[in-house]
Amino acid sequence: MKKSTLALAVALGVLAQQAGAAGFIEDSKATLKLRNFYINTDNRDTNANPNKQEEWGQGFQLDYTSGYTEGTVGFGVDAIALYGVRLDSGKGTHYNPTSSSYGGTVFPTDSDGRAVNDFASLGATAKVKISQTELRYGTLLPKNPVIAYNDGRLLPQTFEGGQIVSNEIKDLTLTAGQIEHVKGRNSSNTEGLSIAGANNARTGKFSNQFRYAGADYKLTKDLLVQYWYGGLENFYNQHFLGAVHNWAIGPGVLKSDFRYFHSTDDGKNGDTAAYYTSGYYGGTTTKGKVDNDLYSALFLYTVAGHTFGGGYQVSNGDSDFPWLNQGDGSSNYTITDSQIQKFGRAGERTWQARYSYDFAKVGLAGLTAGVVYLKGDNIDSTIGDRSEWERDITVAYVVPEGPLKNFGVMWKNAAWRSDLTSANHAQDENRVILSYSIPLL
C-alpha cells in the first residue's frame, strides 16, 4: 500500500469516530469547477515538426475541503477529483514525439498515437491542525518560490507528499515539506521528479525526494522578506532570497519585487552524464552540472485602474535556471515565466515591459486586459550569443453578478521568436478558456 493511501486510511479511521464533531461537517466546502479549454499552437518555421498543434476539451474539477474535528488536535480530510473529456484533437495536431513519450498539449496519448477520449484522477489529503500549525499529507498543490504547480491547461498538475505550515509567531509563516511524486497536467499517472536535460520519459533520470523549507516574514505591513530552500536529490540545491515592498506614491502604489536564486549541483548531477542539465559549458557541450545564479527585479505602478511595469533579469552560470520540470508542463517562480518560454537560459539577460487595465474604473466591472513584452539576449550557445523575444496578450471577463456570476471568458495570445537554432524558432499560440465554479456545499 502506498504511504499516502495508508496515511489517508488512518485519518479516515479517526474521523469515522468523530464524524459528528462540530466543525468537521459544518465547515466543509465543496466546489465544482468547470473549464472549457482550447489551444492552437502554430510552429511557423518550415522545418518544425509538427507545424501545428491543436486540442480542445472540457475539464471538471471537484474540490472538497472538510473542517476540523473538535479538540486540541483537529483532524480533517480534503479531496480533489479531476476529469478531462476530449472534444477535438486529431492525430496530426495532438502530436506526441516518441522521444519523450509524454502526452500531447492537453491530453494523454493512446497506444495508436492519438489523444485519449478522456482521462481522470483522484487525490486525497489527510490534515492535522494544532493551534496555528497545520500538517498535510497526500495530494498537494504547492505554490512558493522553489516549487509551484502548473495550472495552464485543462486540468492542474498535482504533487504527492507532506507539508507543514506554522503561523504561531505573528507576521511569520514557516513552511517545510517533502514531495515524492508528481502527476502531470495531461496525465492520470504519477511519475518521478526531474529537471530539463535529464527528463526524457524513456531514458531520463528521476528522483522521489524534493525537500523544501521557507520563511516569509512581514517586517511591516508593506514589506515582506523571504528565504526558501529547495533540493531535488541527485540533481540540485537551491536557495532563494526575496523582498516585496508596496509604497504609496501620489495617487497610486509602486510594488517592488526583488528575487535571487543560487542553484548548485547535488549528488549524481555533479559527475554523471545521465543526470546532467541543459546549458552551455564551452565548445559544443550543452549539458553539465547545475550552476546558476539568477537575479531579478520587477516594478509595478498601479493608479486608477492602470498598471505600468518594467523588469530586468540576469541568469549567470554554465547551466540554465533549474526547477522541477518533468518535461510535460511546469511552472517556476521567475518574473519571466511566460505563456511560451521561461527566459532563464545560461547567460541570458532579459528586460520586460508590461501594461494592464481594469475596466471597472470606467464602469465595466469584470473586464481586464494586459500585454507583456520580454526580450532576452546574451544567451550562451555553441553558435555564439543568441536572443529571443515574446509578446503576450490577455483579455478576460468575469461576470460580476446575476445568474451567471463568476462565469469567465479568457483569451490569451502569444508570439515567440528566436535565433537559437535554425529550426523551431518561431511560434504563435492562442488559448480560449471558459470557466465556471458551482458551490455545492
Side-chain angles (χ1 to χ4, degrees), residues 3-4 78 80 121 123 125 127 134-153 155-166 173-187 190-199 204-216 224 226-242 244 257 259-267 269 275 277-278 290 292-294 296 315 319-338 342-344:
K3 289 188 291 184
S4 58
D78 295 345
I80 181 172
S121 65
T125 308
K127 57 186 182 180
E134 182 187 61
L135 170 66
R136 303 171 65 86
Y137 190 84
T139 299
L140 303 175
L141 298 174
K143 191 171 185 179
N144 60 59
V146 294
I147 176 173
Y149 79 97
N150 182 281
D151 193 22
R153 291 294 185 270
L155 301 175
Q157 176 191 41
T158 61
F159 291 89
E160 292 182 0
Q163 175 178 280
I164 184 168
V165 178
S166 177
T173 299
L174 299 173
T175 305
Q178 177 171 307
I179 299 297
E180 299 165 347
H181 298 92
V182 61
K183 190 173 294 181
R185 61 192 187 182
N186 58 357
S187 174
T190 57
E191 57 188 341
L193 308 162
S194 190
I195 61 176
N199 59 10
K205 298 299 180 180
F206 298 85
S207 172
N208 292 122
Q209 182 176 289
F210 178 79
R211 293 177 176 172
Y212 60 100
D216 299 289
L224 172 71
Q226 301 173 286
Y227 167 75
W228 284 79
Y229 163 80
L232 180 60
E233 184 181 34
N234 280 321
F235 285 100
Y236 70 93
N237 292 305
Q238 187 172 82
H239 299 270
F240 169 84
L241 291 173
V244 180
D257 188 340
R259 306 180 188 184
Y260 167 63
F261 293 88
H262 175 63
S263 306
T264 56
D265 63 285
D266 177 72
N269 175 261
Y275 288 79
T277 190
S278 54
V290 171
N292 185 272
D293 285 286
L294 188 140
S296 67
S315 176
S319 78
D320 297 347
F321 174 75
W323 73 95
L324 292 181
N325 178 7
Q326 286 63 247
D328 53 358
S330 59
S331 294
N332 66 33
Y333 191 70
T334 59
I335 65 170
T336 56
D337 186 355
S338 303
K342 296 289 195 284
F343 292 83

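Along the sequence shown, residues are numbered consecutively beginning with 1.
In this view, N234 and K268, Y275 satisfy the side-chain contact (heavy atoms from CB on, under 4.5 Å) rule, not counting sequence neighbours. Taking N208 as the reference, H181 meet the side-chain contact (heavy atoms from CB on, under 4.5 Å) condition, with sequence neighbours excluded. Looking at residues two or more places apart in sequence or on another chain, you find a side-chain contact (heavy atoms from CB on, under 4.5 Å) between Q209 and Q178, S207, R211, E233. Annotation: side-chain contact (heavy atoms from CB on, under 4.5 Å) contacts of S194 (sequence neighbours excluded): A198, N199, F206, F235. Looking at residues two or more places apart in sequence or on another chain, you find no side chain to side chain donor-acceptor pair (under 3.5 Å) involving S296. Residues meeting the ring pair (Phe, Tyr, Trp, His ring centres under 6.0 Å) test with Y149, sequence neighbours left out: none.
Under the 30°/60° scheme for interplanar angles, the aromatic rings of H239 and Y229 are found to be tilted.
Side-chain atoms of N237 never come within 3.5 Å of backbone atoms of T264 as a donor-acceptor pair (strictly under, hydrogens ignored). Side-chain atoms of T336 come within 3.5 Å of backbone atoms of K342 as a donor-acceptor pair (strictly under, hydrogens ignored). A donor-acceptor pair under 3.5 Å is absent between the side-chain atoms of R136 and the main chain of D78, judged by distance alone. The backbone N or O of P322 lies less than 3.5 Å from a partner atom in the side chain of Q238, making a donor-acceptor pair. A donor-acceptor pair is defined here as one N or O able to donate and one able to accept, closer than 3.5 Å; no such pair exists between the side chain of T190 and the backbone of K183.
Aromatic ring centres of F159 and F210 lie farther apart than the 6.0 Å criterion allows.
The closest side-chain donor-acceptor pair between S263 and N292, if any, does not fall under 3.5 angstrom.
Side chains of T277 and D320 form no contact here, defined as non-hydrogen atoms less than 4.5 Å apart.
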